[in-house]
Number of protein chains: 2
Amino acid sequence: MTKENVCKHKSILEISEKMPCEEKLYDVADLFKVFGDCTRIKIIYGLFESELCVNHIAQLLNMTQSAISHQLKTLKDARLVTSRREGKEIYYALADKHIKNIFEQGYKHICEKE
Amino acid sequence: MTKENVCKHKSILEISEKMPCEEKLYDVADLFKVFGDCTRIKIIYGLFESELCVNHIAQLLNMTQSAISHQLKTLKDARLVTSRREGKEIYYALADKHIKNIFEQGYKHICEKE
DNA sequence: CTTTCATATGAGCGTTTATTCATATGAATA
DNA sequence: TATTCATATGAATAAACGCTCATATGAAAG
């Protein structure tokens with residue numbers, strides 16, 4: 001390895017300065033961490049189709065209400081879903097349009113390669 | 001909850017039929033799982049700037065060569081990076097353009113919200 | 001061929017995470 | 001107000017994960 005910390009045309013320091021700050025990097029990692037679980041992925045794909053209440057999601061994924069509820073909390077903490085009450089049920093929906101874009105890119109990647 | 005498994009205008013079955021198959025869903029989750037770690041995020045941001053060899057990355061992130069090497073294996077298994085030898089060093093680079101798009105969307109999400 | 005040096009790898013350890021089970025909460029309705 | 005029912009939550013457990021340490025690999029240089 002070069003002693004001057006130079007890789008090709010850029011120094012390590014130069015690259016370091018162009019990186020987003022530590023906090024943003026953690027935020028990005030935390031966001032993708034939420035997408036990195038199959039149960040949550042399924043919930044999100046379900047919500048692409050329609051608003052859904054907890055029990056509908058539990059049926060759709062064939063999982064317990066509790067498991068879904070825990071995961072919805074994770075999704076809500078990451079501001080990926082919103083909820084609203086309607087009668088006795090609480091309906092969940094996707095929070096913003098970036099989510100679909102992110103998934104489209106991800107889907108392209110796996111389809112092209114594997 | 002409705003007894004007919006109907007949420008708004010769509011039945012659970014109808015939504016279920018529109019979901020990608022189980023295998024694809026797992027692949028998508030596995031892809032995002034790779035993005036869900038701050039060390040790997042930093043490596044990827046470094047590679048946005050330049051091809052880098054293992055020791056450069058270790059310096060950039062101030063981490064051990066071994067830790068970086070393990071993470072590069074994860075990234076390579078997910079087909080997110082490629083490698084090529086040049087003399088004694090092995091240079092890593094990003095594998096495709098989707099990666100930058102995914103990050104741009106993710107970055108927008110965190111900037112808008114938190 | 002031998003040595004060197006960058007990188008890769010396997011085992012071990014502590015931490016995080018997803019699910020389950022039992023139970024709490026709290027809005028709607030009777 | 002009391003009951004019901006959908007949802008939320010806390011503790012416990014098992015699995016997955018990231019890092020470290022020691023060591024292996026293998027191409028390049030001597």
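The shown structure was predicted, so the numbers you read here are calculated from the model rather than taken from an experiment. Each chain gets a letter, A, B and so on, in the order its sequence line appears, and its residues count up from 1.
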| When the ring planes of Tyr91(B) and His56(B) are compared, do they come out parallel, tilted or perpendicular, using 30° and 60° as the limits? |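 Answer is tilted, since the angle falls between 30° and 60°.
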
Can you check whether [X] has a side-chain N or O nearer than 4.0 Å to OP1 or OP2 of [N]?
X        : N       : answer
Thr64(A) : dC21(C) : no
Tyr92(B) : dA8(C)  : yes
Arg40(B) : dG18(D) : yes

| message | Assess whether a salt bridge exists between Lys24(B) and Glu22(B), defined as any Lys/Arg side-chain N lying under 4.0 Å from an Asp/Glu carboxylate O. | response |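 Glu22(B) and Lys24(B): not salt-bridged.
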
| task | Answer with yes or no whether His70(B) presents, from its side chain, a donor or acceptor under 3.5 Å of a partner atom in the base of dT7(C). | result | no

| query | dA18(C) base to Gln71(A) side chain: any donor-acceptor pair below 3.5 Å? | reply |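 Checked by distance alone, the answer is no.
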
May I have the list of side-chain donor-acceptor pairs in residues 29-39 of chain B shorter than 3.5 Å, sequence neighbours left out?
unit_1   : atom_1 : unit_2   : atom_2 : d
Asp37(B) : OD2    : Thr39(B) : N      : 3.1
Asp37(B) : OD2    : Arg40(B) : N      : 3.2
Asp37(B) : OD2    : Gln71(B) : NE2    : 3.4

| request: Assign Lys33(B) to base, sugar-phosphate, or nothing according to its heavy-atom contacts below 4.0 angstrom with the strands shown. | output: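 Contact class for Lys33(B): sugar-phosphate only.
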
| request: Look at all strands and tell whether Thr74(A) reaches a base, only sugar-phosphate, or nothing, counting heavy atoms closer than 4.0 Å. | output: nothing

I need the [atom1]-[atom2] distance between [X] and [N], as an integer number of Å.
X        : N       : atom1 : atom2 : value
Tyr91(A) : dA27(C) : OH    : P     : 18 Å
Leu72(B) : dA6(C)  : CG    : P     : 16 Å
Leu75(B) : dG18(D) : CG    : P     : 10 Å
Met63(A) : dT19(C) : CE    : C1'   : 7 Å
Arg85(A) : dG26(C) : CZ    : P     : 10 Å
Ile90(A) : dA27(C) : CD1   : P     : 9 Å
Gln65(B) : dG18(D) : CD    : C1'   : 15 Å
Asp30(B) : dA18(C) : CG    : P     : 13 Å

For the side chain of [X], starting at C-beta, report the closest nucleotide among [options].
X        : options                  : answer
Asn55(A) : dC19(D), dT7(C), dA6(D)  : dA6(D)
Lys88(A) : dT20(D), dT4(C), dC5(D)  : dC5(D)
Val54(B) : dA18(C), dG18(D), dT7(C) : dT7(C)

| Closest-nucleotide ordering on DNA chain C, the 5'-leading residue of Gly36(A) and Ser66(A) | Gly36(A)

| remark: Heavy-atom nearest pair, Glu51(B) first then Ala93(B), reads CG-CB, 4.0 Å

| message | Tell me which nucleotide, if any, is Watson-Crick or G-U wobble paired with dA6(D) when both distances must be under 3.5 Å. | response | dT25(C)

| task | Supply the atom-to-atom distance Cys53(A) SG to Lys88(A) NZ, rounded to the nearest 0.5 angstrom. | result |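 NZ of Lys88(A) is found 13.0 Å from SG of Cys53(A).
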
